[in-house]
Asker: 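Provided herewith is a single structure, encoded as structure tokens, for subsequent inquiry.
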Amino acid sequence: MSELTQYFAQNQFCVLVEYLTSIKGRFPVKTEFAGFPACMTLADRVHTDEDIAPLHALASYPAQPEKVLHFSGKGRDIKDFERFLDQAELAGQYNLLLVTGDKLKQHQYGDAVNPRSRYLESVNAVMAAKQRHSFAVGVALNPFKYTEAEKDAQYFKLEKKIKAGADFIITQLGFDLSALKQAKAFLAEHQYPQKILACVMPLTLPRAQFMLKQQVAGIVITAHMLSILTQEHSNNKHNQRDNSYRRCALQILMCKHLGFAGVHLSACHKPEEQAKLAQYIEQYQSMDLGACEALWNELWQLKSETAFYPEIIDAATSASQYQVIKHQHLQLMHKLLFNAKLARGVGAFVFRAPIWSQSFTNKLLLKLEYISKHAIVGCETCGQCRLAETLYVCPETCPKGLANGPCGGTTLDRCEFGDRECIHSVKARLAKAVKQTDILQTVLIPTVPIEIRGSSSWKNWYLATQTD
Ligand code: SF4
């Protein structure tokens, strides 16, 4: 059992201090932080797509404190992940945080020369890691979502991650306490035993400005927050820095009072930063939740929690009639052509014929499949059609190709890539309209092996079901 797992088992509040492998210079790493046991987390591909991999960076750090290695699925396939698991086992590293990751800096949309960038879904990574029985697996949740559909989609996916075997949950970085309380309440309501940690950071004005300018995926900085930080900074920039540490200390203590298992502390790796934060944690240690919240509200000049909510303009609240009718038609066709016993028997008989060993017949079939499905659902001939598990919204129309649920990068239902609505918000609305939310909560959709991409999913389906 890892030390981290022991902290969880003993309900010992802990601090996971994040280090980026791209940071120049090495900083001392503590085994305790302000009296709480500490682990070191090594983030993956945050700064650039070519950051040193956490496993390779290990050699630069002492064995203690224990590590939590992040693995980001961006630009990676399931085979890359299996290799990572082999290497982690060899290195004696058993604490993982598995995320899909934000958009690759060098994302390829795919053309005649370059294939499209792929992202390994966190749900699939959890499934693969848990087959080994040796890893403590953490997953991400972004509870800072403010339309019904994007929030539903996040929680549907969390249920899949839990079903896949996630041991603990770490939230996205965020400052809205009501969203953190909702996440905690969700786990309690469903009696999920997984521990949850909140991601926090001392939010200075330059950091807030950087995140807004770079549109860092999934992080909410509202106009109110920015105006408070700006006001503080123009009054006295040293006080502004100090207040960011005071707020961070309060958020950590409030999370402890709320029953979080710990925090994931970002952007606080320098000794002087850690000392300042620890000093405020010690100063506020004896305050109860009410007193912490009162001081938090005072520092943020909060009159209402909505100061942490982004402004919502015209969010769709239900699926359109067209989407519902399209779903009904496609579902009916799927049942008749693929699920009916007779259809499966005929399909298997047809596709076992020697004619399908010819490359030109396969190309013809592929073309036919593409033409008949691309215009209707956006098919990209992935070779393993998952439409029945995704409410007939093609996962290939998500720029990351995610089938099991959304990444954390949506902004009020808009995709992180900025050019479309997130397909998982569309699915979440549709699922409620057709009363099939259970599909989005429970069906774990396997990853598509690279080698079958570009083959006919029809042929693959009938031949596979025939041997079931
Ligand atoms: S469609 Fe949704 S899940 Fe896919 S990349 Fe965009 S925001 Fe992420």
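Note that ligands are numbered from 1 as they come in the structure, with each ligand's atoms numbered from 1 the same way. Each residue takes its place number in the sequence, starting with 1.
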Asker: With a distance cut-off below 6.0 Å to the six-membered ring centre and an angular limit of 45° from the axis, does K326 pair with Y392 as a cation-pi contact?
Answerer: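 Cation-pi check for K326 and Y392: fails.
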
Asker: Do K195 and F8 meet the cation-pi criteria used here (NZ or CZ under 6.0 Å from the six-membered ring centre, within 45° of the axis)?
Answerer: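 The answer is no; the distance or angle limit is not met.
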
Asker: Is any side-chain N of the basic residue among R207 and E273 closer than 4.0 Å to the acidic one's carboxylate O?
Answerer: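 Looking at E273 together with R207, the answer is yes, because their closest N to O distance falls below 4.0 Å.
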
Asker: Can a salt bridge be assigned to the pair E148 and K432 using a cut-off of 4.0 Å between side-chain N and carboxylate O?
Answerer: yes

Asker: Side-chain polar contacts of residues 436-450 - donor-acceptor pairs under 3.5 angstrom, sequence neighbours left out - could you list them?
Answerer:
| unit_1 | atom_1 | unit_2 | atom_2 | d |
| --- | --- | --- | --- | --- |
| Q441 | OE1 | D438 | N | 3.4 |
| Q441 | NE2 | E159 | OE2 | 3.0 |
| T442 | OG1 | D438 | O | 2.6 |

Asker: Distances under 2.8 Å only: what protein N/O/S atoms are near atom 6 (Fe) of ligand 1, ordered by chain and residue?
Answerer: C415 SG

Asker: Cation-pi between R76 and F84: NZ/CZ under 6.0 Å from ring centre and within 45° of the ring axis?
Answerer: no

